[in-house]
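Data first, discussion second: the structure below is written as structure tokens.
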Amino acid sequence: MHGAGNDYIYVNAMQERISDPSALAVKLSDRHFGVGSDGLVLIMPSVTADFRMRMYNSDGSEAEMCGNASRCVGKYVYEKGLTTKTSLTLETKAGIKMLNLKIEDGLVSSVCVDMGGPILQPSLIPVVFSGGEAIRVPLLIDQVNYEVNCISMGNPHAVLFTSDIDALDLPELGPKFELNQIFPKRTNTEFVEILSLEHARMRVWERGAGETLACGTGACAVLVAGVLTGRLNRKAVIDLRGGSLQIEWNPENNHVYMTGEAVMVFEGEILNIQE
Ligand code: ZDR
């Protein structure tokens, strides 16, 4: 399934047990010897919510949260008849998220996820920074001065505002942020071009996966960083390489809401995988 081109292999693990999901993520994500994906997502039973999700990047590392995958899990459980609810809760490593499914002709046409409040406290993101919020932080990399805005949406993000994102060499630039020592758990990095107060476009270098076509939590981090630096309104459309997401940061409850598509591409059976 994919959300705005961010593609994962989803395993119905309601009954099935996967002994080493991290190794399986590496094997299946391989675009030549596996299926090809940005990572692996397990859909599991939960004792505290309607369902539980675990998400592994293509390098095998487990992420706390994945916005695009949470929408796809909502589509999967509804369309496979695992639930009839259109408002449901999903347990993640970053807490329980609320999903609201939009149904058209019996199918899930879009999903709105309550991502909860953004985390701005540096030690919780985590980022090594001695101020209250790591917003507009100067960062010198290879003699170039960047300004990063650090936010956690359950997983760590560094947001940079720049011009002409198409010209950036992400495979060269991305790892310099992902692996920078100020990010003890590495980071996802978003490069953003502002189009108006309600519209921005971004590219993402994902921790553990490289450049992907979209990043749900990243789009949320971009909106929050845009609001905190006076560049975006609290409701905006964020264009990613694989599609667009609507993001809203509610001033009353401080929650960030992400709305977008979820697409099921094919189903299959894995042969020849040694776990
Ligand atoms: C960015 C992401 N694809 C999403 O949609 O939120 C999440 C993937 C996990 C990310 N690479 C991480 O935090 O390690």
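Remember, it's 1-based here, ligands and their atoms both numbered in the order they're listed. Values below: every heavy atom of this structure, side chains too, minus hydrogens, waters and symmetry copies.
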Phe191/Phe161 aromatic ring centres below 6.0 Å: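 For Phe191 and Phe161, the ring centres are not under 6.0 Å apart.
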
N/O donor-acceptor pair under 3.5 Å between [X] side chain and [Y] backbone:
X      : Y      : value
Asn6   : Asn68  : no
Glu193 : Asp164 : yes
Asn180 : Ile182 : yes

Select one of side chain, backbone, both or neither to describe which atoms of [X] lie under 4.0 Å from any atom of ligand 1, heavy atoms only.
X      : value
Tyr8   : side chain
Met65  : backbone
Thr217 : both
Asn68  : both

Polar atom proximity, Glu64 to ligand 1 (N or O, under 3.5 Å): no

Considering only NZ, NE, NH1 and NH2 on the basic side and carboxylate oxygens on the acidic side, decide whether [X] and [Y] come within less than 4.0 Å.
X      : Y      : result
Arg207 : Glu64  : yes
Asp114 : Lys97  : no
Glu211 : Arg203 : yes

Proximal atoms of ligand 1 relative to Gly67 (non-hydrogen, under 4.0 Å): 4 (C), 5 (O), 6 (O)

Atoms of ligand 1 close to Ala63 [distance to a heavy atom under 4.0 angstrom, numbered from 1]: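 Answer, ordered by atom number: 9 (C), 12 (C), 13 (O), 14 (O).
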
Proximal candidate to atom 10 (C) of ligand 1 [heavy atom criterion; set Asn188, Thr212, Thr187]: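 Among Asn188, Thr212, Thr187, the closest heavy atom to atom 10 (C) of ligand 1 belongs to Asn188.
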
Best match, Ser70, Gly216, Gly3: closest heavy atom to atom 5 (O) of ligand 1: Gly216

From Leu90 atom CG to Leu99 atom CG, the distance as rounded to the nearest 0.5 Å: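 If we round to the nearest 0.5 Å, Leu90:CG and Leu99:CG are 5.0 Å apart.
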
Starting from [atom], what is the nearest protein heavy atom, named by residue and atom, and what distance separates them?
atom                   : answer
atom 7 (C) of ligand 1 : Cys66 SG, 3.5 Å
atom 1 (C) of ligand 1 : Cys215 SG, 2.6 Å
atom 8 (C) of ligand 1 : Glu206 OE1, 3.3 Å

